[in-house]
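Inspection log for the structure reproduced underneath, given as structure tokens.
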Amino acid sequence: MTKFNPDAIGENLLRRFAGRTSRRGILSRLGLALVAAPVFPLLPVSRAEAAKPDRTPEAKTAFARNAQTKDDTKCDYWRYCAIDGTLCTCCGGGIHSCPAGSEPSPVSWVGSCINPDDGKAYMIAYRDCCGKPSCGQCGCDNTDRATQLYLPQLNNNVIWCFGTSSMEYHCSTAMMIGAA
Amino acid sequence: MTKFNPDAIGENLLRRFAGRTSRRGILSRLGLALVAAPVFPLLPVSRAEAAKPDRTPEAKTAFARNAQTKDDTKCDYWRYCAIDGTLCTCCGGGIHSCPAGSEPSPVSWVGSCINPDDGKAYMIAYRDCCGKPSCGQCGCDNTDRATQLYLPQLNNNVIWCFGTSSMEYHCSTAMMIGAA
Amino acid sequence: MTLGQAKLAGMLLASVIAGAFAAPVLAETGEAEEATVMTMDAPKSGWFFVRGGWGSNGSSIFDSATGKMVGMIATGRDSDLGIDPAGKAYYVAETIWSKGNRGTRQDMVSVYDAKTLKLLTEIPTPGRLVIGGLKTNFVITDDGKTAYDYNFDPASSVNVIDLVKRKFVRAIELPGCANIIPNPGVGFSSLCADGTLATVAIKGSTQEITRTEPFFDAAADPIFSNFAYDRKKKQAVFLTYTGLISVASIGAKPTIGAPFSIQQAAGLRVADTKPLDINWYPGGMQVMALHRPTATLYVLMHKGEYWSPKESAEEIWAVDLATKKVTKRFPIKDGGGNIEITQDDAAMIMVTDNKNNARVIDSKTGEIKHTIENAGGGHITVVEPM
Amino acid sequence: MTLGQAKLAGMLLASVIAGAFAAPVLAETGEAEEATVMTMDAPKSGWFFVRGGWGSNGSSIFDSATGKMVGMIATGRDSDLGIDPAGKAYYVAETIWSKGNRGTRQDMVSVYDAKTLKLLTEIPTPGRLVIGGLKTNFVITDDGKTAYDYNFDPASSVNVIDLVKRKFVRAIELPGCANIIPNPGVGFSSLCADGTLATVAIKGSTQEITRTEPFFDAAADPIFSNFAYDRKKKQAVFLTYTGLISVASIGAKPTIGAPFSIQQAAGLRVADTKPLDINWYPGGMQVMALHRPTATLYVLMHKGEYWSPKESAEEIWAVDLATKKVTKRFPIKDGGGNIEITQDDAAMIMVTDNKNNARVIDSKTGEIKHTIENAGGGHITVVEPM
């Protein structure tokens, strides 16, 4: 089974979304919050295991075994392993493009999905497009490694429209971040 | 066929809903509007015909032939011959009572419905209850003598929530006004 | 660090805290993608603009050729959509309360850029009718300079909005009438409860209202409010509950052509208002669509008795307005409540049913080209030829 | 004539104009009815409060005995509902934009009188998490004096609201944790990403946060956020994706009981996180309901593979928490995503499916007592014994 390594996500997302804001700058802003929060242990996902992923059919989730790479307007498209919402590809947008008039959220939740063409796992950022009413087309709710609210960056129920001019949810994209 | 006499509605509604406001007082307020508006001819409904209604089965609409008088939570209850919306009787209200927290609109559209028990036609005021989200139970859309927007008091598409503190539509009641 | 950057950093640090990310950095793979935002083509003749059902706040745009959604315009509940004839903007007449179900009422015409679909401005208005499903309450003039927005509170009036200066001009009282037909060079016309067509000739800050002779019975056999208008021919096409079709020439002094029966045009018996008379009747919310280039009217029809003006359709009837003949009848499988047709040679029909599903039908053959689930339950708009 | 009367008269005269009512007066028949408004009983143990689906703005109240709707509370999209333990008020934590899809964001706790369902006041708050389907984000304390409202922007915090003075008190940062368990006399507890239970002891304007040892794997086998809490026993009941049930004693220093497998409790093989392992798994949004008087947990279960935590249910399993045995299994016909149970002797279950239909089921027999169409697709609330 491909072990999902959420430990590695944060820094990657930081680089993707924070642009020129350095990690040092961010940490300095943590201030009081860091003091109040105990240092977290690493989540119980073994880094050694992650280094030698088992991507045999027996180790793949039902979604991964049935995923396809041809049609990104279908719920079984490989990148959608943890998406919840309407697909922007069905709403006039693209796999990493918001439909006209909507706005990509600067933050997102993430998934780790296996591309059946190369058998490799990739980190996917599900960035919501915000500021327009729900598109209503191609509703999907896949839950590979989707967790609950206390681990929000792996939770697909949150409306990830923070930092946008409107929090109205329109649709979700599935952006490639890199190899998982 | 029971001829419906919309000419007679206005005054009746005025008395029902205006309370102590006299017709004279209302007409004096008409002022400029009356001047701007040409005097309307009576609608082409013969008053003589209305006086001798034909209420044989052959003259009844499909709704009237199939209406019942026992269950006011069903769309075929006799008073609902021209209702459009959710029945307040299914929403915690009554046939002429708004559910708690909602507010009856002081104005309404009307219908003329035949009570199968006595074969007589009665004038029914469909007063919307307003100020809460749509109740969602028992949606009905009956159209006996329901007309279009230019004859609004016989139109059941308008949200009749005028003069209420909120125009949010909750449900519709069917109040007896009197014999038609 | 700008304020915006600070805010963003504040958000991102939260992720750091929440997820325990004191971990090594992943190498950049070069595969990462950028988030982008699409733009729209100018409004196309092949597009359908479909309102969502009750509770929906958007109008989806579908391409009739592909059946695919190409975008969405934010149209709040019970709003009305207008298309700038020049294709530069969409106008949405809407009513919003400051606290959703309560608070301060705000009426406005919201202006969206047709290319980016971004909100350009809001034009406040003193009110409008809150109603679903009517296409004749908010009308843009042929020159794109003026909008007329029907108001009912419950006194009847029309708000005049200057779309160039983007400001409300004034309200014109219109007692006893509703539904707006553009009347270029004159003002607008409307249907009235006394069975006449009223024409409002606007002259600066005054207006003169004239009426035709009564030509229909508003209580006994009403004309559907969702009538059609051909801007090129300056003709309105009216249809009554029994199926009487009449064509009106719109101008300073409109004239109404002799009505003919849609049933008779199909070689059937004329329909009556009497009960127990089973016949074909028109029914639906947006009950008919006019293909202006061929002057063909497509009507949603069902079998039944009179007083069934909202009944779901079983067939689409094509009426040639020149020969007054029904030339085609297509069955509809799952009922239909709204119909529209593209104003190009393709002449593609869309029909939506009460489950919010849409079908795109070739008007020449009756063939279903696309079925679109959850397309929307409200009315359908197309780009009109000017 | 008062202003109100003048306004009313102004409206009614419009009807006069619109409808051509220069006609004789109908005689009063004596049959005319008065418009009245109902009032509500105090919140009853037999009531289900059911949120509408996405886009709905109300929570319908159904009587489990009759299956009938008795009223509705206005709960805007993604709001959270709280019931005053004294039965005098309903609290709705909600977020409203001043122009619906845009404008100024307004966060508040709206207070409704339980008898009239009229809005009494709004308590402004500095924010809250906009999310659907979670029952553990807005919690009223046992004494009814305080509300805790979870916020995520996306930094994690809890807003403290004084329900007596009806004002916001302060926000408490809660990094890495979410979901609120009332902790009377202490403050509240929450689940955390590091697999611990955090307890926030509030002392005036300061607080101390302590944590248990890690007892679950938040990434590999998470505890459902919609857990249950028994206020009388001060016990939280947790359930993980694989079906591990644990009972936590809530207090200044919470203790977590040893977990047991729901499959094993049913005499079946323990479920695993491995793919291709077909077993029974819990799944849904509101995945479980606790009947507190009998300490019986009802869980929505489906056959399948791991990573299916939202899958529609095929059965309801009743787990006796004392004996750690599954005592009953009821089939569900059309799937289910939310479950709740009344806290009285009748112990009536409600299950809603993804078509917004609800079924009221007798937990003793599995018999379907009522089927309610369009009841709502969101989560279900009942009056809790204190």
| message | Taking every non-hydrogen pair under 4.5 Å, which of B/Met167, B/Glu168, B/Gln148 racks up the most with chain C? | response | B/Gln148
| query | Quick one: do C/Lys203 and C/Glu208 make a salt bridge, cutoff under 4.0 Å? | reply | yes
| message | If we define contacts as heavy-atom pairs under 4.5 Å, which of C/Leu129, C/Asn226, C/Ile131 has the most with chain B? | response | C/Ile131
| Measuring heavy-atom distances to chain C, does B/Asn142 have an atom under 4.5 Å in its side chain, in its backbone, in both, or in neither? | neither
| request: Measure C/Phe224 against the heavy atoms of chain B and call it side chain, backbone, both or neither at under 4.5 Å. | output: both
| request: Heavy-atom distances under 4.5 Å only: say whether B/Asp141 touches chain C with side chain, backbone, both or neither. | output: side chain
| request: Go through the atoms of B/Ala146 and report whether side chain, backbone, both or neither lie under 4.5 Å from a heavy atom of chain C. | output: backbone
| task | Can you tell which part of C/Asp221 gets under 4.5 Å to a heavy atom of chain B, answering side chain, backbone, both or neither? | result | neither
| query | Of all of C/Met285, C/Gln207, C/Lys310, which one pairs up most often with chain B through heavy atoms under 4.5 Å apart? | reply | C/Lys310
| query | Which answer fits C/Thr196, side chain, backbone, both or neither, if we ask what part of it has an atom under 4.5 Å from a heavy atom of chain B? | reply | neither
| message | With rounding to the nearest 0.5 angstrom, report the CG to CG distance, C/Leu174 to C/Asn159. | response | 11.5 Å
| note | Turns out that what part of C/Leu191 lies under 4.5 Å from chain B's heavy atoms comes down to both
| message | Tell me if the centroids of the rings in C/Tyr150 and B/Tyr150 come within less than 6.0 Å of each other. | response | no
| query | Between B/Lys74 and B/Asp76, does at least one N-O distance fall below 4.0 Å, as a salt bridge requires? | reply | no
| task | Looking only at non-hydrogen atoms, find the nearest pair between B/Ser112 and B/Ala121 and report the distance. | result | OG-CB, 4.0 Å
| note | Partner of C/Arg128 under side-chain hydrogen bond (donor to acceptor under 3.5 Å, both in side chains), picked from C/Asp78, C/Asp107, C/Thr95, is C/Thr95
| query | Taking only residues two or more places apart in sequence, or in another chain, which ones meet C/Arg170 in a salt bridge (Lys or Arg N to Asp or Glu O under 4.0 Å)? | reply | none
